[in-house]
Amino acid sequence: MFQALINVLVKCKSFSELKQIHALVITFGLRHESPISSKLLSLAALSGAGNIDYGYRLFSTLPAPRVFDWNTVIRGYSISKNPNKSFSVFIKMLRAGVFPDYLTYPFLAKASARLLKPELGGLIHGHALKNGFQLDKFINNSLIHMYASCHDIVYASRVFDEMPMKNIVSWNAMLDGYAKCGDMASARQVFDLMPQRDVVSWSCLIDGYVKNGDHKEALAIFEEMLVLGPKANEVTMVSVLCACAHLGALDQGRSMHCYVMDNGLPMTLVLRTSLVDMYAKCGAIEEALYVFRGVSNGKTDVLLWNAMIGGLAIHGLVNESLELFTEMQIAGIVPDEITYLCLLSACAHGGLVKEAWYFFECLGKHGMTPKSEHYACMVDVLARAGQK
DNA sequence: GCATTTCCGG
C-alpha cells in the first residue's frame, strides 16, 4: 500500500494531482505515516508540482517532523522568493530540539547567499563549527560559495585554505567567486592551478570573461575547451552565445547553435532565450523568430518573449514588436518592467509618442515603478518626436 | 531518502 502510493507520488506532475493525492492520504488515514508524508512534503515543497507555502502548511500538520522534513522546508524556502523564511524555520527547528545535520547548513548557506547577507552566513558558519562540522566538505563548499557570492572573497579563501581535503567543487567555488568579484586574473590563476577541471570549471571561467566584458577571451577559452576540455553543456553555451551576441558574431553564433544540435544538448528555455537574443542582436531576425517559435506548445516565459520583442524593437520592426506583445498577453504571460522597456524602445524607434505614454502608464498600473531606464526611454521618445 | 559549483531578457 505504502509503496503503491509512493509510486503514484513520484509520477505526480501537477498541483491538482498533488492535491488529489494529499486528499487520498488524509482519507486513508496515512497522514502520520512518515515515509508517505515526507515524500508528499518534498514533492510539495521542492518540485514544480507544488509550492513552498503549500509545503509549509503540510509540514505544520506533521506530528513529529524529522530532520529530513525540516531540511526539506528550509531548502524549499532557500530557493523561494523569500529565503529569509529558511532562517525562521531553522530557529523553530532548534527550538523543537531537532539537531541540524550535514545538509541543513548547505541549504542555509544558499539562503544567505541569495539574500546577499554574509553576516547571516557567518552565523551559520559558526553554528556548523560549534556542532563539529568543521571538516565537512559539503558544508565548507557551500560556505565558500556563500561568502564569494556575497563578495566576501577574503572569507571565502580563508575557508578554502583551511580545508584539509578539497575537491573539484571547492576549486570551482573559488574560481567562480573570483570571477563574480570581477577578479579575472585570480580566477584564471585558480583555473590554472586546480588539479583537474570539469565542465563547470570551464563554464565558470568562460562566463567570468563574458560578465567582465572580455567577450573575445571568452570565445578563445571556449575554442580551447573544444580541444582540451570536456564536452560543453547547455550552460556553457548560454555564456558563449552571450559573447557572440555582444560581438555581433553571427557566423560564430550559428556554429554554436550547430554545436548544441550536433551534441544533442537539452534545449532549455534559458538556452532558447540566449539563441533568440544572439540571432536578434546579430541582425538575423528570421532565425531569431525561427528559434522563438521553435516547438509549438513549448514552455515559454517572460524572458523569452522579452528577448524577441526587444530584438524586433532594436531593428526598427516596431509593429511586429507591438503585435508580439499582444500575442504574449493572449498567451497569458505577464509582462515585467523589462517588457515595458522593450516596448518603449520600440516606440522610440517608430516615433510613437501616444503609445509610449500608454505603456509608460501601464507600468504604474501593474504595480511597477518606472526606473531611470524607463525615463531615459521616454525622454528619447519625446526628443525624437521633436517635443521639449 | 534531501547534497554544495556554471546559464537567459534592458
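Below, chains carry the letters A, B, ... as their sequence lines are ordered, and counting in each starts from 1.
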Subject >> Whole angstrom value for the distance that separates C1' of B:dG10 from OH of A:Y375 >> reply: 16 Å

Original post:
Taking only residues two or more places apart in sequence, or in another chain, which ones meet A:S86 in a side-chain contact (heavy atoms from CB on, under 4.5 Å)?
Top reply: A:I74, A:Y77, A:S78, A:L108, A:A111

Subject >> Minimum-distance nucleotide (side-chain atoms of A:E373 versus B:dC2, B:dC8, B:dG10) >> reply: B:dG10

Subject >> Of residues 214-250 of chain A, the positions that come close to DNA chain B - non-hydrogen atoms, cut-off under 4.0 Å >> reply: A:N233, A:V235, A:V238, A:S239

Original post:
What are the residues of residues 165-196 of chain A, sorted by number, that bring a heavy atom to within less than 4.0 Å of DNA chain B?
Top reply: A:V169, A:N172, A:D176, A:K180

Original post:
Considering only side-chain heavy atoms of A:L341, which listed nucleotide, B:dC2, B:dT6, B:dG10, is closest?
Top reply: B:dG10

Subject >> Interface with DNA chain B, restricted to residues 140-151 of chain A and to heavy atoms under 4.0 Å >> reply: A:N141, A:H145

Subject >> A:I338 side-chain proximity, nearest of B:dC7, B:dC2, B:dG10 >> reply: B:dG10

**OP:** Tell me what A:D101 touches on the nucleic acid: a base, only sugar-phosphate, or nothing, going by heavy atoms under 4.0 Å.
**Re:** base

Subject >> Separation of B:dC8 P from A:D336 CG (nearest whole Å) >> reply: 15 Å

Original post:
Regarding A:R272 and the six-membered ring of A:F292, is the cationic atom NZ or CZ under 6.0 Å from the ring centre and inside 45° of its axis?
Top reply: no

**OP:** Tell me, please, which residues at least two apart from A:N84 pass side-chain hydrogen bond (donor to acceptor under 3.5 Å, both in side chains).
**Re:** none

**OP:** Write down the distance between CG (A:L108) and P (B:dT4), rounded to a whole number of angstrom.
**Re:** 13 Å

Subject >> For A:S239, all residues meeting side-chain hydrogen bond (donor to acceptor under 3.5 Å, both in side chains), sequence neighbours excluded >> reply: A:D207

**OP:** For A:D207, report the nucleic acid contact type (base, sugar-phosphate, nothing); a contact means any heavy atom under 4.0 Å.
**Re:** sugar-phosphate

**OP:** Quick one: label A:S42 by what it contacts on the DNA or RNA (base, sugar-phosphate, nothing), any heavy atom closer than 4.0 Å.
**Re:** nothing

**OP:** Indicate whether OP1 or OP2 belonging to B:dT5 is found under 4.0 Å from a side-chain N or O atom of A:K110.
**Re:** yes

Original post:
With a 3.5 Å cut-off and just heavy-atom distances, do the side chain of A:S274 and the base of B:dC8 make a donor-acceptor pair?
Top reply: no

Original post:
Once you round it to whole Å, what is the distance between C1' of B:dG10 and CG of A:L312?
Top reply: 15 Å

Original post:
For A:L103 and B:dT4, what is the distance between atoms CG and P respectively, to the nearest whole Å?
Top reply: 9 Å

**OP:** Apply side-chain hydrogen bond (donor to acceptor under 3.5 Å, both in side chains) to A:W70 and list each qualifying residue two or more places apart in sequence or on a separate chain.
**Re:** none

Report all side-chain donor-acceptor pairs from residues 151-162 of chain A shorter than 3.5 Å, counting only partners two or more places apart or in another chain.
unit_1 : atom_1 : unit_2 : atom_2 : d
A:S157 : OG     : A:I153 : O      : 3.1
A:S157 : OG     : A:V154 : O      : 3.0

Subject >> Results of side-chain contact (heavy atoms from CB on, under 4.5 Å) for A:V199 - residues two or more places apart only >> reply: A:S203, A:M225, A:P230, A:N233, A:T236

**OP:** Return the set of residues passing side-chain contact (heavy atoms from CB on, under 4.5 Å) with A:E337 (not counting sequence neighbours), or none when no residue passes.
**Re:** A:L363, A:M368, A:K371, A:H374

**OP:** Measure from NZ on A:K137 to P on B:dT5 and round the result to the nearest Å.
**Re:** 17 Å

Original post:
So do the side chains of A:W357 and A:K354 get within less than 4.5 Å of each other, counting heavy atoms only?
Top reply: no

Subject >> Atom-to-atom span, CG of A:D301 to C1' of B:dC7 - whole angstrom >> reply: 13 Å

Original post:
Can you name the residues that form a ring-ring contact (aromatic ring centres under 6.0 Å, His included) with A:F90, not counting sequence neighbours?
Top reply: A:H127

Original post:
Of all residues at least two apart in sequence or in a different chain, which pass the side-chain contact (heavy atoms from CB on, under 4.5 Å) check with A:V169?
Top reply: A:N141, A:N167

Original post:
Looking at A:Y105 versus A:H125, is the centre-to-centre ring distance below 6.0 Å?
Top reply: no

Subject >> Length of the line joining A:L46:CG and B:dT4:P, which is rounded to integer Å >> reply: 11 Å

